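Written below as structure tokens is the structure these notes are about.
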Amino acid sequence: MKKLAVFASGRGSNFRQIYKNIISGKVSAHAECLITNTSRAGVLDFARKQKIPIYVIHPGDFDTAEDFGKELLKILKNNAIDWIILAGYLKKIPDNVVKTYSNKIVNIHPALLPAFGGKGMYGMHVHEAVFASGAKVSGVTVHLVNEVYDSGPIVMQKAVNIEDCHNPEEVATQVLKVEHRLYSMALQKLLTESFQIEGNRVVFNN
Ligand code: GRF
């Protein structure tokens with residue numbers, strides 16, 4: 001069974017959904033630990049209830065991103081982690097971690113990348129930008145993580161019709177429902193099927 005480290009900074013609804021799917025056998029993995037940058041996130045309550053070990057690591061406590069990465073790598077190694085799952089983690093993953101876990105770090109983005117992505121485009125900022133643009137369609141992207149924000153190989157995408165949404169909050173609600181389904185689906189494929197990277201897309205071999 002592959003061992004997952006989940007990185008999260010917020011309420012943790014994606015983590016909860018993935019965890020539920022692990023328990024029911026829809027995702028073949030073990031949630032080994034939660035790594036977070038804040039001691040106040042809602043996701044911590046959930047991890048505590050499930051008795052999942054929590055590591056609170058503040059990037060600001062390190063002189064460089066490299067040192068921050070070394071600390072993360074130490075934890076990942078000690079827990080024999082196979083895959084890193086980003087579920088609303090608001091800090092940049094240091095390059096040394098990206099290199100060590102090449103194509104083994106997954107992120108979910110609440111829009112159709114490459115639109116509405118990049119530095120500063122997270123959480124409600126994304127939905128506000130989508131709504132302000134007048135777009136009638138938003139969506140969800142699951143992608144592998146490289147050194148540049150929101151630009152790694154795309155694993156899966158799903159469009160969400162937002163024609164009937166009256167504000168960014170309604171867009172967020174519609175998109176989140178799809179996130180909860182798509183993330184587990186994409187994870188299960190990544191964990192159980194062989195794939196290759198062609199250009200900037202993940203291509204499964206069957
Ligand atoms: C989700 O919208 C996810 O796409 C983004 O951050 C949000 C996290 O939500 N990366 P939650 O903490 O999983 O509820």
Side-chain angles (χ1 to χ4, degrees), residues 4-23 26-27 29 31 33-50 52 54-57 59 83-93 97-98 105-133 135 137-146 148-162 165 167-188 190:
L4 314 183
V6 177
F7 283 46
S9 311
R11 78 197 142 181
S13 70
N14 276 288
F15 180 31
R16 281 201 297 277
Q17 193 59 40
I18 290 167
Y19 189 78
K20 198 171 136 197
N21 287 330
I22 287 176
I23 297 301
K26 287 189 192 138
V27 174
C33 63
L34 171 72
I35 298 183
T36 182
N37 59 303
T38 163
S39 40
R40 286 189 298 273
V43 68
L44 298 182
D45 298 330
F46 174 73
R48 268 187 217 109
K49 273 192 203 122
Q50 308 304 328
I52 296 167
I54 299 167
Y55 297 89
V56 182
I57 312 291
W83 285 80
I84 297 173
I85 311 305
L86 307 184
Y89 184 66
L90 296 181
K91 297 292 170 187
K92 189 160 190 303
I93 301 298
V97 177
V98 173
I105 308 178
V106 195
N107 185 40
I108 188 159
H109 186 79
L112 292 176
L113 292 173
F116 304 108
K119 193 164 164 47
M121 278 301 221
Y122 61 87
M124 280 310 293
H125 298 297
V126 178
H127 305 300
E128 278 156 10
V130 168
F131 189 74
S133 77
V137 172
S138 187
V140 178
T141 303
V142 177
H143 67 95
L144 299 179
V145 171
N146 63 13
V148 183
Y149 274 116
D150 296 331
S151 65
I154 292 178
V155 181
M156 259 188 204
Q157 283 188 309
K158 182 116 184 102
V160 177
N161 187 328
I162 54 166
C165 294
N167 51 53
E169 288 73 22
E170 288 183 14
V171 175
T173 303
Q174 295 309 316
V175 168
L176 192 66
K177 286 185 208 160
V178 177
E179 288 187 51
H180 290 166
R181 290 201 300 273
L182 201 75
Y183 211 176
S184 291
M185 220 186 276
L187 277 183
Q188 179 63 358
L190 287 169

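These figures come from a predicted structure and were not determined experimentally. Count residues from 1 along the sequence. Read the numbers this way: they start at 1 and go in the same order the structure lists the ligands and their atoms.
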- Message: Looking at ligand 1, would Gly12 count as a contact under a 4.0 Å heavy-atom criterion?
- Response: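 It does, in that a heavy atom of Gly12 comes within the 4.0 Å cut-off of ligand 1.
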
- About how many Å separate CG of Leu182 and CD of Gln157, when rounded to the nearest 0.5 Å? 9.0 Å

Side-chain touch [X]/[Y], heavy atoms, less than 4.5 angstrom:
{"X": "Val130", "Y": "Pro168", "answer": "no"}
{"X": "Ile105", "Y": "Phe7", "answer": "no"}
{"X": "Val178", "Y": "Gln174", "answer": "no"}
{"X": "Asn14", "Y": "His180", "answer": "yes"}

Within the 4.0 Å heavy-atom shell around [X], which atoms of ligand 1 are there?
{"X": "Pro110", "value": "2 (O), 4 (O)"}
{"X": "Gly88", "value": "6 (O), 8 (C), 10 (N)"}
{"X": "Glu179", "value": "1 (C), 2 (O), 3 (C), 4 (O)"}

Tell me the protein heavy atom at minimum distance from [atom], and give that distance in Å.
{"atom": "atom 11 (P) of ligand 1", "answer": "Ser13 N, 3.4 Å"}
{"atom": "atom 10 (N) of ligand 1", "answer": "Ile108 O, 3.1 Å"}
{"atom": "atom 9 (O) of ligand 1", "answer": "Arg11 NH2, 3.4 Å"}

- Message: Test your reading of the structure: does His127 have an N or O sitting under 3.5 Å from an N or O of ligand 1?
- Response: no

- Message: For Leu190 and Val106: C-alpha separation, side-chain torsions, deciding distance, then whether side chain to side chain contact (heavy atoms under 4.5 Å, CB included) applies.
- Response: CA-CA 9 Å; Leu190 287 169; Val106 195; 3.8 Å; yes

